[in-house]
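To keep things clear, I will list the structure first and then write my remarks on it.
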Amino acid sequence: MQKSTGSLRRNNMRASLLYAPTLRETPAEAEVISHQLMLRAGFIRKSAGGMYTYLPLAWRVLKKIETIVREEMNAKGGQEVAMPIIQPAEIWQETGRWDVYGDEMFRLKDRHNRDFCLGPTHEEMITTVVRSDVRSYRQLPLMLYQIQNKYRDEIRPRFGLMRGREFIMKDLYSFDRDEKGLDENYAKMYDAYSRIFTRCGLAFRPVEADSGAIGGSGSHEFMVIADSGEAAIVYCPECNYAANVEKAELLPISAGIEVPDTLVEKSTPGTKTIEEISGFLGVSADKTIKTLAYQTEKGLVLALVRGDHEINEIKLQNQLNCLHLGLADETAVVRLTGAIPGFIGPVGVKDTVIVADATVMNMHNAVSGANKTDYHYINVNPGRDFNPTIVADIRLIKENDPCPRCGAAVATARGIEVGQVFKLYTKYTSALKATYLDENGKERPMVMGCYGIGVSRTMAAAIEQNHDENGIVWSAAIAPYQAVVIPVNVKDDAQMVLAERLYQLLNEAGIEAVLDDRAERAGVKFKDADLIGYPLKITLGPKAINENKIEVKVRRSGEVFFFETDNLIDEVQQLLSTL
RNA sequence: CGGGGCGUGGCUCAGUUUGGUAGAGCACCUGGCUUGGGACCAGGGGGUCGCAGGUUCAAAUCCUGCCGCUCCGACCA
């Protein structure tokens, strides 16, 4: 290595030594683009289903994302800790999640046959730490975070890093005296998350979310907008309402006034679907009631929505407050109602929980199954002909439904969930007895929040959102290197001398670069550079030698600039600040 | 866990129907030639055909069982 004058050499990476084994062809196992490109560009290699080795380029990207996350967490008063990956069963048994988590938890035993798990998350761990040392309101609020591997034995790992069984997460846990403190910290984290994903160069949207199995209430998810996203979201073009479809609220639709007519049973052979029955009877789908039977651990329930609507099972589950919910099988339906699915309805059903969507209660003279195979009722009137146990919003929102805030038609999009913030309140602190003494000497449970970012998923999401037919397009903030220097012909001494010189200048200026010194043809280097996604490609050919014009090409836009050697560093820095 | 598909050099795949000495392209090594968008020529290394049984003179190929991967569904950062 040549000694550079004065300044510290920050980086020394020649492509001939860089461990980034690129592939020309896409491995068959990769389905989504981020997975394909990370394999092809030599970022990751699989070791087992849902588990990957991060090769140098990926690791650099991950470290950059982590640095951004760390800076923003610290700026809000977060303090970083590291906790064991292996956690004892006892603390999970205390909160009851040892059983609740089920097969998704990686479990293991030590030589003494004691139970442990690989941490899928760290609420229990952090709370048991805090409870033993925090005694007074004076020690609160407290914000602790960690960036570590977490483990979930996913039923079906897929999409490469998007849904792995081992993944890197940042989790921050906040502990407050009261809900006011929690609200403040929640707001800080919401702000920090917006800053983080902005700095990463991602197009994202925070949406209201269901808080799911982790518990608590009040939650937002941060979604990177991408067609390949697993999550469906709705947003309002008029106001700033945005929500996961699982969460999106809907106000009941009114249906005018009609005189209730007499309930009549009609023979409707073979009409099992809403489409078939509305066609057979010549009524529109919004005059029918769709009845679905669900199996829960508490027994069978019937759920009702208007025929042209869909059920939101998350909402239904929240209303029923049950752990398991799934469509009942046909034999169970027959046993309960006497009819096969397609002909069941709420009329005449006894001793069964019936949950009706609020819109159903506004319907008049509707059609529903008669609980007799091949028969339906017409002129069904809610309140007169049946009375649900629960009336609530259990409908799934769809495009053009009215915004629950302002009534405008909502739009839909798909997103990759890269972060979620939760208000947990005292769910875990109560279970684990993490209490403090307030000013009056009274013992209170701490009020808790948790705030997660999928770091490895964020890397994948960045690729899903930023790529083209040639490869990855990194934003400068998270790119593994900012630039690659490509001498077109390594046999040309003048080119190589200039390349080394420019490479050294870049290093001294703190610009992370790779010198592609491989004895490959220019085309190969260009292809690899595009695949890996360096934001800038600095190409040295005859024009650089003869005319002092250094070609700089922007990966994202394809723009080409020519700079003189003396200005190169300034110009490159200028360019990078925009990428 | 249910339902499809697939396991053959590092990668992409052919060969399996109809058993008969394991192949191609890419990648890799050597030499030559070439040098601005994945060149070319010659030579070369590398595979117990996922694993274990079975049938057969003979199995990548047929039979049985297992394992793994992958896609679709129910779960989730």
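All values reported here derive from a predicted model rather than from experimental measurement. Per chain, numbering begins at 1; letters A, B, ... match sequence-line order. Below, all heavy atoms of this structure are taken into account, side chains as well, without hydrogens, waters or symmetry copies.
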Can you name the atoms? Protein N/O to nucleotides 67-69 of chain B N/O, anything below 3.5 Å, with the distance.
from  : atom 1 : to      : atom 2 : distance (Å)
B/C69 : OP1    : A/Gly49 : N      : 3.3
B/C69 : O3'    : A/Lys46 : NZ     : 2.9

Note to self: Please report whether the ring centroid of A/Tyr101 lies less than 6.0 Å from that of A/Trp92.
What the structure shows: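 Between A/Trp92 and A/Tyr101, the centre distance is under 6.0 Å.
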Next item on the list: Using atom types as modelled and distance alone, determine if a side-chain donor or acceptor of A/Glu221 lies under 3.5 Å from a backbone N or O of A/Ala209.
Entry: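 No; judged by distance alone, with no hydrogens or angles, the pair does not exist.
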Margin query: Strictly distance-based, threshold 3.5 Å: is any side-chain N or O of A/Gln148 a donor or acceptor partner for the main-chain N or O of A/Met83?
Written below: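 Yes, the answer is positive, given that a donor and an acceptor are paired below the 3.5 Å cut-off.
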Next item on the list: List for me each residue that meets side-chain hydrogen bond (donor to acceptor under 3.5 Å, both in side chains) alongside A/Lys537, sequence neighbours excluded, and say none if there are none.
Entry: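 Checked A/Lys537 against side-chain hydrogen bond (donor to acceptor under 3.5 Å, both in side chains); matches are A/Asp530.
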Next item on the list: Apply side-chain hydrogen bond (donor to acceptor under 3.5 Å, both in side chains) to A/Ser16 and list each qualifying residue two or more places apart in sequence or on a separate chain.
Entry: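 Partners of A/Ser16 by the side-chain hydrogen bond (donor to acceptor under 3.5 Å, both in side chains) criterion, ordered by chain and then number, come out as A/Asp517.
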Item checked: Within residues 291-303 of chain A or reaching into it, pairs that qualify as side-chain hydrogen bond (donor to acceptor under 3.5 Å, both in side chains) - sequence neighbours excluded ->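 Found A/Tyr294-A/Glu313.
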Notebook entry, point to check: Please, which pairs that meet salt bridge (Lys or Arg N to Asp or Glu O under 4.0 Å) have at least one residue in residues 56-69 of chain A, sequence neighbours excluded?
Noted result: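 Every salt bridge (Lys or Arg N to Asp or Glu O under 4.0 Å) pair that includes a residue of residues 56-69 of chain A, provided the two are not neighbours, is A/Arg60-A/Glu512, A/Lys63-A/Glu66, A/Lys64-A/Glu512, A/Glu66-A/Arg70.
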Notebook entry, point to check: Please, which pairs that meet salt bridge (Lys or Arg N to Asp or Glu O under 4.0 Å) have at least one residue in residues 191-209 of chain A, sequence neighbours excluded?
Noted result: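 The answer is A/Glu71-A/Arg199, A/Glu72-A/Arg195, A/Glu72-A/Arg199, A/Lys76-A/Asp191, A/Glu208-A/Arg405.
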Do any N or O atoms of the protein come closer than 3.5 Å to N or O atoms of nucleotides 42-47 of chain B, and which pairs are they?
none

According to salt bridge (charged side-chain N to carboxylate O under 4.0 Å, His left out), who are the partners of [X], at least two apart in sequence or on a separate chain?
| X | answer |
| --- | --- |
| A/Glu310 | A/Lys290 |
| A/Glu564 | none |
| A/Lys272 | none |

Check: Contact class for A/Lys537 (heavy atom, under 4.0 Å): base, sugar-phosphate, or nothing?
Finding: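 The residue A/Lys537 makes base contact.
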What about [X], does its side chain sit under 3.5 Å from the base of [N] through a donor-acceptor pair?
| X | N | answer |
| --- | --- | --- |
| A/Arg40 | B/G10 | no |
| A/Lys553 | B/G36 | no |
| A/Arg163 | B/C76 | yes |

Check: Tell me, which of residues 193-205 of chain A have any heavy atom that sits under 4.0 Å from an atom in RNA chain B?
Finding: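 RNA chain B contact set from residues 193-205 of chain A: none.
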Protein-nucleotides 32-34 of chain B N/O pairs under 3.5 Å:
from  : atom 1 : to       : atom 2 : distance (Å)
B/U34 : O2     : A/Arg521 : NH1    : 2.9
B/U34 : O4     : A/Lys491 : NZ     : 3.1

Next item on the list: Test side-chain hydrogen bond (donor to acceptor under 3.5 Å, both in side chains) on A/Thr95 and A/Glu124 and set out the steps.
Entry: CA-CA 8 Å; A/Thr95 57; A/Glu124 279 81 356; 2.6 Å; yes
Please give, in whole Å, the distance from [N] [atom2] to [X] [atom1]?
| X | N | atom1 | atom2 | answer |
| --- | --- | --- | --- | --- |
| A/Met162 | B/C76 | CE | C1' | 13 Å |
| A/Phe167 | B/C75 | CZ | C1' | 13 Å |
| A/Glu104 | B/A74 | CD | C1' | 12 Å |

